[in-house]
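So you know, we letter chains A, B, ... as the sequences are listed, proteins then strands, and number each from 1. Heavy-atom basis, side chains included; hydrogens, waters and symmetry copies ignored.
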Protein chains: 2
Amino acid sequence: MRIGELAERTGASRRLLRYYEEQKLISPGRSDNGYREYAEFHVGRVMQIKGLLDAGLPTRIIRQILPCLDQPRSIYFDDLTPEMVAILEREHDHLTQRIDCLTRNRDSIAEYLETVRRMKTQGAPIDRAA
Amino acid sequence: MRIGELAERTGASRRLLRYYEEQKLISPGRSDNGYREYAEFHVGRVMQIKGLLDAGLPTRIIRQILPCLDQPRSIYFDDLTPEMVAILEREHDHLTQRIDCLTRNRDSIAEYLETVRRMKTQGAPIDRAA
DNA sequence: TCCGACCCTCACATCGATGTGAAGGTCAAA
DNA sequence: TTTGACCTTCACATCGATGTGAGGGTCGGA
């Protein structure tokens, strides 16, 4: 498929798809006239990139971990340097930190909304500051 | 405490602490000479802001949800508009999406590292692409 | 044949989160 | 009293993720 269709199906602008390519996050083929040619799997790939980007990871890191998230693997274990393992371990821990932070705050919001809803049905304000 | 100590204890630069204030994420007092005065609780608050920022939330959103994450509450239920509830619900869902995305990718990394480790002890490469 | 809807590259603009530095005030200790 | 380590505001710089638009090629259908 060409860039327009991929843009429509992923919600990423054409500009952004070209940017992801420049950042080496995706590598579409080219047809004779120079148009980018995307395969079906690029849809999921772009969604994944968008998700990680939205979650605060820079393209630099995404580029590093992406090849390890594929099934089948595009990085073979033989090629894996100790440095790369270290990067992955660091990013794994970093992701866990982010997840914990987000989870804590999400749960606080949930709890707050829960209280608000109880409030509405019972109609009595509570002063939790006391 | 003054800005220097807070910066040291939180790892946020002085510049950034002033920026958070400008963005209305924190409101330190002022001493007679004009110096910002931070309280103990600001340490945790700044850590929380840093975490959310690092997780990809913009200050605009953090500002909206922060008052609801406090215990005691700084927003009382009476003040809570339906719009605010809608914002919180939207952000709650958005956070859940981010968490899911990060969790999926973290688990992929973990699984990959796990395989790498099994590899090392057993010494035989596996071709999962087959 | 030519128009409209695609595509290309290139480059400058914007926005949010930061860094950096200038010009100057406060204050404690030598 | 002066020096050094703080603090203030202001403003410009940078970096990454995006938008926008110019100038131009491709191609299918009226």
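- Each of R15(B) and E5(B) was assigned the nucleotide of DNA chain D with the nearest heavy atom; the assignment lying further toward the 5' end belongs to E5(B).
- In the displayed structure, Q23(B) atom CD is contacted under 6.0 Å by more than 12 heavy atoms of other residues, nucleotides or ligands.
- Running 5' to 3' along DNA chain C, contacts with non-hydrogen atoms of chain B at under 4.0 Å begin and end at dG16(C) to dC27(C).
- The shortest distance between the side-chain N/O atoms of N33(A) and the OP1/OP2 oxygens of dC27(D) is below 4.0 Å.
- Atom pair R36(A):CZ and dG25(D):P shows a separation of 17 Å (rounding to whole Å applied).
- Atom C1' of nucleotide dC7(D) and atom CZ of R18(B) are separated by 7 Å, given to the nearest angstrom.
- Looking at heavy-atom distances under 4.0 Å, R60(B) makes no contact with the nucleic acid at all.
- Transitive grouping of hydrophobic side chains (ILVMFWY, heavy atoms separated by less than 4.5 Å) brings V43(B) and L52(B) into a common cluster.
- We find that R30(B) and E21(B) are joined by a salt bridge, their nearest charged nitrogen and carboxylate oxygen being less than 4.0 Å apart.
- Contact check on R106(B) versus E89(A) returns no salt bridge, with no Lys/Arg side-chain nitrogen under 4.0 Å from an Asp/Glu carboxylate oxygen.
- Residue L57(A) holds its CG atom at 5.5 Å from CG of L95(A), rounded to the nearest 0.5 Å.
- What separates CD of E37(B) from C1' of dT8(D) is a distance of 14 Å, to the nearest Å.
- Looking at which nucleotide of DNA chain C each of L57(B) and Y35(A) is closest to, the 5′-most match is held by Y35(A).
- Screening residues 81-117 of chain B for ring pair (Phe, Tyr, Trp, His ring centres under 6.0 Å), with sequence neighbours left out, gives F77(A)-Y112(B).
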